[in-house]
Amino acid sequence: MSFENLGLRPEILAGIAAEGYTIPTPIQEQAIPVILAGKDILAGAQTGTGKTAAFTLTLLQYLSTTHLNPRGKAPRALVLAPTRELAAQVAESIRNYGKGLGIRSTVIFGGVGMMPQIQRLQKGVEIVVGTPGRLLDLVGQQKLDLSQIEVLILDEADRMLDMGFIHDIRKIIRLVPPKRQTLFFSATYSREIKALSDTILFKPERVEVARENTAAENVDQTVYHVPKSVKRDALSHLITDGKWEQVLVFTKTKHGANRLAQQLNRDGITATAIHGNKSQSARTRALEDFKDNKVCALVATDIAARGLDIDRLSYVVNYELPHVAEDYVHRIGRTGRAGASGEAISLVCPDETKLLHAIERLLKKDIPVSKIEGMSHAPRVEVLPIMPHLRGDDSRGARKPFAAKGRGSRAGGNSGSYRSGGGGRSSSEDGYRSGGRDSSEGGYRSGGRSSEGGYRSGGRSNPNASSRGTSNGGGQGRRSSARV
């Protein structure tokens with residue numbers, strides 16, 4: 001079957017051809033006729049199989065064959081997406097496929113200024129694509145009217161539930177008219193997903209092109225069992241020895257993503273990180289640099305697992321396995337998209353064995369295990385910075401963790417780090433930690449933001465300077481009594 005057989009308008013067919021597509025994917029072939037018939041749909045397919053085009057093409061067909069909004073009127077269609085990146089890519093698909101139709105659309109999400117979004121809404125749009133939080137903010141300010149919505153689309157509904165958007169989704173459902181067409185797309189199914197779909201869909205047609213909770217068959221999956229201490233060396237070896245030009249790497253934490261990107265750059269591999277603590281402009285720039293091959297490795301947290309659509313991405317690496325097995329499916333779904341082949345590699349240390357077994361139970365199969373050829377499994381020895389300001393016996397052990405005095409103190413954090421005072425999240429490599437979020441490399445931390453290469457006291461950091469106030473901690477280093 002070709003797209004011409006689906007009854008789409010010539011302008012839409014021209015947009016499809018301009019994007020380089022000629023034959024619809026199975027989910028498109030099955031879902032498009034159902035949607036064009038005006039029915040609700042519960043659609044499930046592996047990520048990367050063309051779900052976005054399935055609903056954007058039909059949405060453009062519907063809106064272009066009915067009346068368009070006069071200037072300043074409320075939108076007629078709403079697409080909900082879990083992440084900023086996914087919302088932006090859905091909006092881009094609408095623009096690309098809808099050229100020449102005169103259909104106005106806008107994308108709304110947090111992390112950027114609200115006024116340009118408000119101004120765009122005031123000019124009048126037919127389609128709004130957005131994330132739940134910012135949408136509700138604009139509704140609360142009476143800048144967005146959802147009372148005229150005729151088509152509601154939930155894209156990656158399972159991910160929205162995973163991210164805790166269930167209450168926001170229910171609020172939005174109450175704001176849109178009960179008489180509407182609802183399209184529900186999800187890569188995986190759970191009891192929560194089924195319960196939600198039962199409450200918002202009316203006699204839906206179920207379209208499913210693959211077994212639930214499975215990874216794409218055209219993605220080759222491999223597990224390498226390596227100690228945690230040599231994961232970074234294993235990744236660098238795979239990239240350089242395999243001459244990989246583009247690889248998406250997943251970590252569990254934002255701090256871990258930043259740290260790994262810095263380490264890869266020190267290994268001569270251009271890398272950048274993308275995660276929720278980055279500003280939207282930084283996230284957009286990182287993704288664009290990756291797509292343009294300006295950087296080899298994009299290190300991401302699971303916020304990016306659903307929001308990245310990169311043509312011909314050949315390699316995905318799980319540097320750390322996810323805590324939720326379903327997230328593994330979404331991660332490796334970034335490769336092997338639109339019928340292309342891809343490789344998904346997982347670096348698994350002994351502590352992650354249970355996580356691996358959970359993933360294999362979900363997939364209902366064992367993932368093949370292999371060995372990394374030509375690499376020593378001995379951990380690298382790195383020279384850590386000498387700390388001349390240490391005093392007493394501990395000056396001989398600047399690279400040796402110890403527990404500093406103070407309430408709740410303990411040896412901990414990352415390797416080569418000092419931790420005191422408790423109450424914080426994690427200490428960084430080669431730094432002190434006391435009572436805040438995270439300290440920078442080679443610096444002290446006490447009660448505020450991090451300092452780089454210096455002491456910290458109570459307020460902002462003062463690099464390469466001693467702290468003010470009463471010293472605390474004896475011969476283990478100078479430290480302000482503020483908030484310790």
Side-chain angles (χ1 to χ4, degrees), residues 1-66 68 76-77 79 81 86 88-105 126-127 129 150-156 181-187 204-212 214-219 291 308-314 333-342:
M1 178 180 288
S2 66
F3 283 105
E4 286 79 2
N5 302 129
L6 295 175
L8 299 172
R9 291 187 55 164
E11 296 91 339
I12 299 176
L13 294 174
I16 295 172
E19 292 298 301
Y21 301 116
T22 57
I23 301 174
T25 65
I27 187 66
Q28 294 163 2
E29 184 177 337
Q30 295 184 39
I32 288 176
V34 174
I35 300 171
L36 290 179
K39 298 180 180 180
D40 285 7
I41 192 170
L42 175 60
Q46 297 160 345
T47 183
T49 54
K51 296 191 299 295
T52 300
F55 67 75
T56 55
L57 296 175
T58 52
L59 181 58
L60 291 168
Q61 177 78 8
Y62 170 73
L63 293 176
S64 63
T65 54
T66 57
L68 296 180
R76 299 171 58 201
V79 183
L86 184 56
Q89 289 173 11
V90 170
E92 183 180 7
S93 295
I94 292 172
R95 289 192 298 270
N96 291 339
Y97 293 131
K99 291 178 181 177
L101 293 176
I103 294 176
R104 299 162 298 173
S105 62
E126 280 74 44
I127 305 172
V129 183
E150 300 169 31
V151 182
L152 172 65
I153 301 170
L154 281 77
D155 190 17
E156 305 285 14
Q181 183 181 22
T182 304
L183 314 179
F184 195 104
F185 287 82
S186 180
E205 291 277 345
R206 178 160 177 168
V207 176
E208 190 173 356
V209 298
R211 180 169 56 87
E212 295 180 10
T214 60
E217 294 181 359
N218 55 330
V219 176
K291 289 182 175 181
L308 300 182
D309 188 3
I310 302 159
D311 292 337
R312 295 175 295 278
L313 175 63
S314 298
R334 298 307 98 196
T335 184
R337 301 178 72 82
S341 61

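Note that this is a predicted model, so its numbers are computed, not measured.
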Q: Determine, step by step, whether Ile94 and Ile127 satisfy the side chain to side chain contact (heavy atoms under 4.5 Å, CB included) criterion, reporting the C-alpha distance in whole Å, the side-chain angles of both residues, the deciding distance to 0.1 Å, and the verdict.
A: CA-CA 9 Å; Ile94 292 172; Ile127 305 172; 3.8 Å; yes
Q. Passes side chain to side chain contact (heavy atoms under 4.5 Å, CB included), Thr65 versus Arg9? Steps please.
A. CA-CA 9 Å; Thr65 54; Arg9 291 187 55 164; 3.9 Å; yes
Q: Show your working on side-chain hydrogen bond (donor to acceptor under 3.5 Å, both in side chains) between Tyr62 and Glu150 and close with a plain yes or no.
A: CA-CA 10 Å; Tyr62 170 73; Glu150 300 169 31; 2.5 Å; yes
Q: Start with the C-alpha distance between Leu86 and Asp155, add both sets of side-chain angles, then the distance that settles side chain to side chain contact (heavy atoms under 4.5 Å, CB included), and finish with yes or no.
A: CA-CA 9 Å; Leu86 184 56; Asp155 190 17; 3.8 Å; yes
Q: Evaluate the side chain to side chain contact (heavy atoms under 4.5 Å, CB included) criterion for residues Lys51 and Glu156: first the C-alpha distance (whole Å), next the side-chain angles of each, then the deciding distance (0.1 Å), finally the verdict.
A: CA-CA 9 Å; Lys51 296 191 299 295; Glu156 305 285 14; 4.3 Å; yes
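Evaluation of the side-chain hydrogen bond (donor to acceptor under 3.5 Å, both in side chains) rule for Thr182 yields Arg180 as partners, not counting sequence neighbours. With sequence neighbours excluded, the residues that form a ring-ring contact (aromatic ring centres under 6.0 Å, His included) with Phe55 are Phe185. Scored by the side-chain hydrogen bond (donor to acceptor under 3.5 Å, both in side chains) test, Lys99 finds no partners at all (sequence neighbours excluded).
Here the straight-line distance linking atom CD1 of Ile103 with atom CG of Leu59 works out to 7.0 Å at 0.5 Å rounding. The structure places CD of Gln61 at 8.5 Å from CG of Leu13, a figure rounded to the nearest 0.5 Å. For the atom pair CG (Leu36) and CG (Leu57), the distance works out to 9.0 Å, reported to the nearest 0.5 Å. Between Tyr97 atom OH and Ile12 atom CD1 the span is 11.0 Å, to the nearest 0.5 Å.
Nearest heavy-atom pair, Ile41 versus Ala31, reported as atom, atom and distance to 0.1 Å: CD1-CB, 3.7 Å. Summarising the geometry of Leu6 relative to Pro33, their closest heavy-atom pair is CD2-CG, 4.1 Å, with the distance given to 0.1 Å. Minimum interatomic distance between Gly50 and Thr25 (heavy atoms only, all atoms of both residues): CA-OG1, 4.2 Å. When all heavy atoms of Phe3 and Thr22 are compared, the closest pair comes out as CD1-O, 3.5 Å. Considering every non-hydrogen atom in both Leu101 and Ser64, the closest pair reads CD2-CB, 4.1 Å. Considering every non-hydrogen atom in both Ala43 and Ile27, the closest pair reads CB-CD1, 4.2 Å.
Formation of a donor-acceptor pair under 3.5 Å by the Gln28 side chain with backbone atoms of Ala53 is not found in this model. Asn96 places no side-chain N or O within donor-acceptor distance of the main-chain N or O of Ser93, the cut-off being under 3.5 Å. A donor-acceptor contact shorter than 3.5 Å is absent between the side chain of Thr58 and the backbone of Ile32.
Side chains of Asp40 and Gln181 form a contact here, defined as non-hydrogen atoms less than 4.5 Å apart. Annotation: side chain of Leu183 is in contact with side chain of Ile35 (closest heavy-atom distance under 4.5 Å).
Taking 4.0 Å as the cut-off between side-chain N and carboxylate O, Glu126 and Arg76 do not count as a salt-bridged pair.
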